Amino acid sequence: MAPPVKSGPRANEDINAPSVRLISADGAQVGVVTLQAALRAAEDSGLDLVEVSPNADPPVCKLLDYGKYKYEAQKKANEARKRQKTFDVKEIKMRPNIDDHDYGVKMRALARFIGDGDKVKVTIRFRGRELAHPEIGRNLLERIRDEAQELAKIEMMPRMEGRQMIMVMAPK
């Protein structure tokens with residue numbers, strides 16, 4: 001069985017280049033030295049030799065505390081993941097012959113979802129003989145589009161999918 005693959009930059013004895021460009025702990029460039037000399041310098045300073053740029057020729061290595069370096073990198077990755085915006089898709093379902101009050105309630109919900117930064121999928125469900133008049137559903141979706149024009153942009157124009165007509169809106 002193969003040994004587990006280490007993630008992150010190589011450090012100390014894991015570096016396999018004959019010579020490296022060494023950078024000291026304070027950021028000053030020491031120059032190109034042999035790997036043994038760089039490891040000795042790391043041992044003398046009580047720090048680790050970490051390969052920061054493995055694709056350079058020769059690889060760039062820096063004297064630093066490897067544990068602290070990995071901790072800082074983990075914190076940076078967690079911070080980036082926290083700031084990442086995820087879009088939820090909220091769905092609003094209606095029928096073609098919706099009453100005015102019910103329509104108002106659904107529009108307030110749509111405005112709230114868009115205000116929260118979520119995408120909204122508006123679905124018009126047709127049952128029975130309502131399928132004979134898809135233009136009623138299309139008119140309803142156009143009315144929604146016109147009323148929510150300043151809040152949202154249309155991401156997917158109204159289209160029939162089986163017994164329902166769907167339109168997707170996203171925040172501007």
Side-chain angles (χ1 to χ4, degrees), residues 1-93 106-124 141 144-145 147-162 164-172:
M1 192 164 98
V5 178
K6 288 177 78 173
S7 65
R10 291 184 286 222
N12 299 327
E13 281 76 32
D14 294 337
I15 300 170
N16 54 11
S19 62
V20 296
R21 183 173 303 276
L22 185 64
I23 299 174
S24 67
D26 57 7
Q29 194 168 129
V30 176
V32 179
V33 297
T34 64
L35 181 61
Q36 288 72 28
L39 287 169
R40 212 170 310 109
E43 196 174 306
D44 292 345
S45 64
L47 296 170
D48 298 304
L49 183 67
V50 179
E51 194 174 41
V52 291
S53 182
N55 297 332
D57 188 33
V60 179
C61 295
K62 189 172 184 177
L63 296 174
L64 46 82
D65 184 356
Y66 188 59
K68 187 175 179 183
Y69 177 78
K70 280 183 72 173
Y71 174 73
E72 293 293 332
Q74 180 71 38
K75 264 179 65 172
K76 208 176 283 184
N78 286 344
E79 212 43 51
R81 193 167 41 249
K82 236 184 257 182
R83 286 201 194 95
Q84 196 174 38
K85 175 66 179 137
T86 57
F87 281 108
D88 287 340
V89 178
K90 303 285 187 172
E91 186 172 14
I92 293 180
K93 295 181 180 179
K106 300 285 188 177
M107 287 305 290
R108 281 195 298 278
L110 183 134
R112 188 176 73 243
F113 294 154
I114 294 289
D116 291 345
D118 296 323
K119 292 183 182 181
V120 179
K121 177 179 173 182
V122 182
T123 304
I124 308 291
L141 287 176
I144 292 168
R145 182 193 62 203
E147 288 185 21
Q149 199 164 19
E150 61 273 351
L151 295 173
K153 62 181 184 280
I154 305 297
E155 199 165 86
M156 188 178 85
M157 294 305 282
R159 74 166 193 243
M160 283 295 287
E161 286 185 5
Q164 47 193 16
M165 191 175 284
I166 295 173
M167 175 173 73
V168 178
M169 303 176 89
K172 276 193 170 175

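Keep in mind the model is a prediction, meaning the values are calculated, not measured. One is the number of the first residue; the rest follow in order along the sequence.
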### Query
Step by step, would you call R159 with E161 a salt bridge (charged side-chain N to carboxylate O under 4.0 Å, His left out)?
CA-CA 7 Å; R159 74 166 193 243; E161 286 185 5; 2.7 Å; yes
Do [X] and [Y] come close enough that some side-chain heavy atom pair is under 4.5 Å?
X    : Y    : answer
L47  : L64  : no
V120 : I92  : yes
K90  : K119 : no
F113 : P171 : no
E79  : R83  : yes
D65  : D48  : yes
K62  : V50  : no
L49  : L63  : yes

### Query
Would you call E72 and K76 a salt bridge, using N to O less than 4.0 angstrom?
no
Compare every heavy atom of [Y] with every heavy atom of [X], then report the nearest pair and how far apart it is.
X    : Y    : answer
A111 : L151 : CB-CD1, 3.8 Å
K172 : K153 : CG-N, 4.0 Å
I15  : C61  : CD1-SG, 3.8 Å
A17  : P59  : CB-CG, 3.6 Å
I114 : M169 : CD1-O, 4.3 Å
L110 : A148 : CD2-CB, 3.8 Å

### Task
Please assess R145 against I154 for the test side chain to side chain contact (heavy atoms under 4.5 Å, CB included), listing each intermediate value before the final yes or no.
CA-CA 8 Å; R145 182 193 62 203; I154 305 297; 3.4 Å; yes
### Summary
Value for CZ (R21) from CG (D57), rounded to nearest 0.5 Å, stands at 9.0 Å
### More than 12 heavy atoms of other groups within 6.0 Å of E43 CD
no
### Query
Would I166 and M156 count as a side chain to side chain contact (heavy atoms under 4.5 Å, CB included) if you check the C-alpha gap in whole Å, the side-chain angles of each, and the deciding distance to 0.1 Å?
CA-CA 8 Å; I166 295 173; M156 188 178 85; 3.5 Å; yes
### Query
Can any side-chain N or O of Y66 pair as donor or acceptor with the backbone N or O of N12 at less than 3.5 Å?
no
### Task
Show the numbers, then the answer: is there a side chain to side chain contact (heavy atoms under 4.5 Å, CB included) between L35 and V20?
CA-CA 6 Å; L35 181 61; V20 296; 4.3 Å; yes
### Task
Before giving the answer on side chain to side chain contact (heavy atoms under 4.5 Å, CB included), spell out for L141 and I124 the whole-Å C-alpha distance, their side-chain angles and the decisive distance to 0.1 Å.
CA-CA 8 Å; L141 287 176; I124 308 291; 3.8 Å; yes
